[in-house]
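Data first, discussion second: the structure below is written as structure tokens.
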Amino acid sequence: MLQYYQPQKDFGTPARVSDQLVTLTIDGVTLSVPEGTSVMRAAAEAGIKVPRLCATDQLEAFGSCRMCLVEIEGRKGYPASCTTPVAEGMVVRTQTEPVAKLRRNVMELYISDHPLDCLTCAANGDCELQDTAGEVGLRTVRYGFEGANHLDQPQDTSNPYFTFDPSKCIVCSRCVRACEDIQGTFALTIEGRGFDSKVSAGQATDNFMSSECVSCGACVAACPTATLTENSIIALGTPEHSVVTTCAYCGVGCSFRADMRGNTVVRMTPNKEGRANEGHACVKGRFAFGYATHKDRITTPMIRESIDQPWREVSWDEALTYAAGRLKSIQAKYGRNSVGAISSSRCTNEEVWLVQKMVRAAFGNNNVDTCARVCHSPTGYGLKTTLGESAGTQEFASVAHADVVVVIGANPTDGHPVFASRLKQRLRQGARLIVVDPRRIDLVKTPHIQADYHLPVRPGTNVALINALAHVIVTEGLVDEEFVAARCEHDAFQAWRDFIADPRHSPEATAEITGVDPEQVRGAARLYAQGPNSAIYYGLGVTEHSQGSTAVMGIANLAMATGNVGREGVGVNPLRGQNNVQGSCDMGSFPHELPGYRHISDEATRSQFDAAWNVTLDSEPGLRIPNMFDAALDGHFKGLYCQGEDIVQSDPNTQHVQAAMRSLECLIVQDIFLNETAKYAHVFLPGSSFLEKNGTFTNAERRISRVRKVMPPLGGMEDWQVTMALSEKLGYPMHYSHPSEIMDEIARLTPTFHGVSYEKLEELGSIQWPCNDDAELGTPTMHVDEFVRGKGHFVVTEYVPTEERASRRFPLLLTTGRILTQYNVGAQTRRTANSAWHPEDVLEVHPHDAEEYGIRDGDWVGVQSRAGDTVLRAKISTRMTPGVVYTTFHHPFSGANVVTTENSDWATNCPEYKVTAVRIERVTSPSSWQQRQREFAEQQAALLAAARSS
Amino acid sequence: MSGTSLQNNIRMANQIARNFEFEQDEEKAVAAIATHIQRFWAPLMREKIFAYLREDGSGLAPRARQALERLMENEPA
Ligand code: SF4
Ligand code: SF4
Ligand code: SF4
Ligand code: FES
């Protein structure tokens with residue numbers, strides 16, 4: 001919704017939840033508020049703002065600035081309203097002569113040590129100190145600037161996104177508390193005492209960049225002065241309007257206000273009303289939005305006959321006619337099934353809906369897949385089979401009710417930072433933590449948090465470990481018999497119980513496989529079963545394995561067996577990688593499923609779509625992404641429409657993917673940049689960033705949130721319009737004038753979305769599906785009284801070792817992951833200042849392995865698997881267990897995926913990114929693949945330059 | 001480099017079969033493997049592996065082979 005810029009409403013202190021209401025009178029207004037509410041907040045709810053500096057509703061009150069003094073009948077002195085809780089019958093006066101005078105005096109002291117450069121200050125007009133000076137009626141400052149002051153302290157500009165100007169600091173410590181209480185990083189302290197006290201990042205010699213700071217921006221948001229200010233505000237000025245939208249990076253799906261000047265984003269402010277993030281954000285969503293206007297953006301459609309020819313810039317009409325013509329002639333020559341499409345979880349629900357619709361209706365086949373294939377397809381399969389719905393069971397806020405949290409194969413502080421902050425809040429309150437990961441991730445030990453158990457499982461053996469945990473639960477009498485009897489299928493449970501009770505699944509028997517100390521496994525299993533509220537959070541370290549689906553089912557088994565499903569504080573929670581993984585799966589982007597996870601062979605479902613779309617759908621499943629590559633190399637698959645996904649960089653076994661791309665007769669890439677895949681394309685259709693279009697994203701908690709257009713699409717068309725235009729050229733016109741109409745169709749055809757509409761999203765802010773007649777406002781917690789499938793279904797989860805094993809030739813295991821500041825293939829974050837933190841992918845090697853292979857920190861290391869080889873810089877790190885090396889895949893030339901293999905999950909073909917047998921050695925030059933890649937990239941850059949100069 | 005698509009399909013079929021190896025009821029296992037392939041493999045992939053089964057099939061694990069034979073019988077030629 002467009003609104004003139006207004007700072008977000010601040011009630012001064014956090015809301016309290018209580019059934020007990022307390023009635024009081026403030027300045028003659030009588031009102032009732034929950035017990036525990038502060039006088040300041042009660043006043044704000046009555047529409048009265050008490051002046052304040054150190055208080056904000058994002059933080060617990062601190063009571064240091066003495067600005068919020070009030071009078072309370074029957075109490076001596078002038079209590080601080082932020083720290084004084086309401087009491088029954090209390091009579092408060094916020095504006096009396098004595099308090100006004102006291103406040104003015106305090107303000108005068110602050111201002112006497114504050115530069116009076118308001119007119120040229122970046123925060124002019126958006127500064128709480130300035131506002132408060134106005135509120136208290138400060139007119140003179142008697143003390144002058146001659147005495148000791150802080151006015152000439154140097155600025156800290158080390159962080160690329162914000163500036164710290166200590167001369168403006170009033171030492172309210174909001175920043176310090178934000179870093180501790182909201183973000184949980186503890187990077188800031190107040191050093192010194194009294195007049196000498198000052199805010200400091202890290203040690204005395206540190207600046208923001210060299211400190212522990214992770215650049216989340218919580219301190220910047222909390223600062224009431226211009227001491228901590230976004231550089232974009234310094235450069236561009238304060239906003240004049242703002243638009244609520246949703247982050248386009250990770251699956252947390254934080255809500256933001258895009259603060260604008262005209263069509264220019266001057267700042268992204270985390271939205272306090274956003275249910276996923278409640279006012280918090282991370283360095284990606286908050287700061288790394290500059291890619292949207294980067295000079296590398298391609299905004300004119302381009303075509304070429306073959307990939308060794310220069311690109312030719314053409315009109316939209318010519319590009320689309322050309323693309324459709326080529327697809328049609330391929331189908332005429334090689335058959336209906338010779339073309340397909342891949343959509344991306346970075347796209348909106350409406351966009352991916354249209355892509356699958358076009359494939360099924362206009363291509364006339366089911367060859368559509370999405371990048372969730374390579375991340376969370378096992379989640380879909382595993383949770384559907386066991387619980388009945390392909391989605392996580394909770395909302396993020398649920399973690400505040402968890403007593404025991406298990407994190408398996410996920411690294412939330414890097415991958416899902418805002419959820420990690422919530423989790424850390426709960427852990428600091430005393431919840432217990434079990435981490436299952438081959439790597440000692442940050443969460444294992446971080447300020448004021450220490451995992452009770454870290455089970456460093458050997459890559460590829462998750463199922464054996466999950467079985468061992470289940471074995472302890474079953475054999476030590478820890479099963480929640482009542483829950484299982486009432487809620488789960490009896491026979492399947494019995495079969496599972498018999499299976500899992502077999503001593504071969506005991507922690508002792510499986511230790512050889514998993515490498516984990518059996519006593520630790522027993523302890524962890526007991527802790528999980530003891531709860532009372534135990535929640536499992538997992539990520540790609542579970543799914544991206546040859547038994548990814550089995551592991552997901554094993555996790556669901558654990559939750560059902562201990563009765564940890566169907567209420568707050570528990571559940572099975574997949575942490576989705578990209579912003580719209582959940583949504584793209586919901587929208588029928590898999591080749592075997594229509595929207596809402598209904599199999600394509602199901603006639604009743606198909607007939608609804610046949611009728612709505614006026615076609616006869618093919619009843620057979622289409623090709624999945626890896627199958628498309630295989631079929632391309634076989635000569636059966638010749639045309640691909642790829643929307644928003646960079647398969648050449650992100651999919652495993654790069655050389656195989658590259659060969660498949662080369663074999664295509666028509667590759668159409670729709671993207672905002674000429675990505676690695678586009679280098680093999682014949683048609684390039686300019687995409688639009690999340691700032692340039694309307695739509696919705698669905699985050700990991702099934703929360704549907706609006707994406708709103710804040711600037712016109714640079715290429716002239718929003719992505720959904722492009723797909724629609726292509727479909728029309730293919731002879732299947734679609735008629736939508738706005739994405740809301742696409743959502744209306746989604747709602748009509750998908751039972752779990754029946755109640756969703758843009759109007760309702762406008763009204764509620766966001767909606768967690770299912771949202772229909774049974775749950776009009778959506779469903780925060782699933783499976784409450786019964787499972788979606790009726791009774792919960794236990795699945796026998798036999799451990800089957802992966803074929804990818806360390807051997808004499810390839811003695812180490814490579815596993816891959818992500819880091820905080822970069823995102824996926826890095827196409828966006830590499831084009832922002834985030835690269836200051838992660839300029840290149842490195843290979844983490846344990847000191848023992850480093851010694852064995854003669855590798856020192858910073859050496860170039862060749863990494864070779866049976867699929868290929870690459871060269872990365874070594875980083876010696878004790879985070880790894882010996883025998884396991886680790887890297888990320890954010891940079892195209894590091895070629896992490898040249899090394900990963902075509903192995904995949906047995907049920908879904910999700911690649912086994914997390915286990916590749918490799919050998920390493922010190923080298924002095926890039927690998928031959930990297931050299932070829934550089935040449936190819938240079939050649940393609942020249943072919944692009946030709947188009948731009950012509 | 002990876003193997004040909006046929007090799008990949010054989011490997012995938014065997015991998016599915018391995019994940020049902022635990023099932024003592026042979027009939028149940030074969031049915032589960034067959035259903036899985038039926039539900040998730042595009043016809044192109046099925047045809048390819050059927051052709052291989054007709055010619056040779058020696059690279060297939062016994063249960064994968066049985067499942068595919070069953071599917072092949074039911075497949076409209
Ligand atoms: S940006 Fe975040 S991590 Fe860094 S000091 Fe501020 S609150 Fe702490
Ligand atoms: S930097 Fe800002 S938030 Fe921190 S103490 Fe100074 S004025 Fe307060
Ligand atoms: S946590 Fe995820 S959704 Fe939130 S701001 Fe960061 S990247 Fe965006
Ligand atoms: S706002 Fe209450 S003491 Fe600062």
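Computed from a predicted model, the values in this text were never measured in an experiment.
Neither the backbone nor the side chain of A:Asp618 has a heavy atom closer than 4.5 Å to any heavy atom of chain B. Neither the backbone nor the side chain of A:Glu593 comes within contact range of chain B; no heavy atom of the residue lies under 4.5 Å from a heavy atom of that chain. Residue A:Asp634 touches chain B through its side chain alone, counting heavy-atom pairs closer than 4.5 Å. Heavy-atom distances place both the backbone and the side chain of A:Val796 under 4.5 Å from chain B. Residue A:Thr901 does not touch chain B at all, counting heavy-atom pairs closer than 4.5 Å. Heavy atoms closer than 4.5 Å to chain A are found in the side chain of B:Leu44, but not in its backbone. For chain B, no part of A:Ala495 is nearby; none of its heavy atoms comes within less than 4.5 Å.
Contact tally against chain A (heavy-atom pairs below 4.5 Å) for B:Met45, B:Arg39, B:Arg18, B:His36: the top residue is B:Arg39.
No close placement of the A:Tyr381 and A:His592 rings is indicated, their centers lying 6.0 Å or farther apart. A:Phe499 has its ring centre less than 6.0 Å from the ring centre of A:His505.
Defined by atom type and a distance below 3.5 Å, a donor-acceptor pair is missing between the side-chain atoms of B:Ser5 and B:Asn8. With hydrogens and angles left out, the side-chain atoms of A:Gln547 and B:Asn19 include a donor and acceptor closer than 3.5 Å.
Taking a cutoff of 4.0 Å between a charged side-chain nitrogen and a carboxylate oxygen, A:Arg504 and A:Glu798 qualify as a salt bridge.
Between A:Lys384 and A:Arg789 the shortest heavy-atom distance is O-CD, 4.3 Å.
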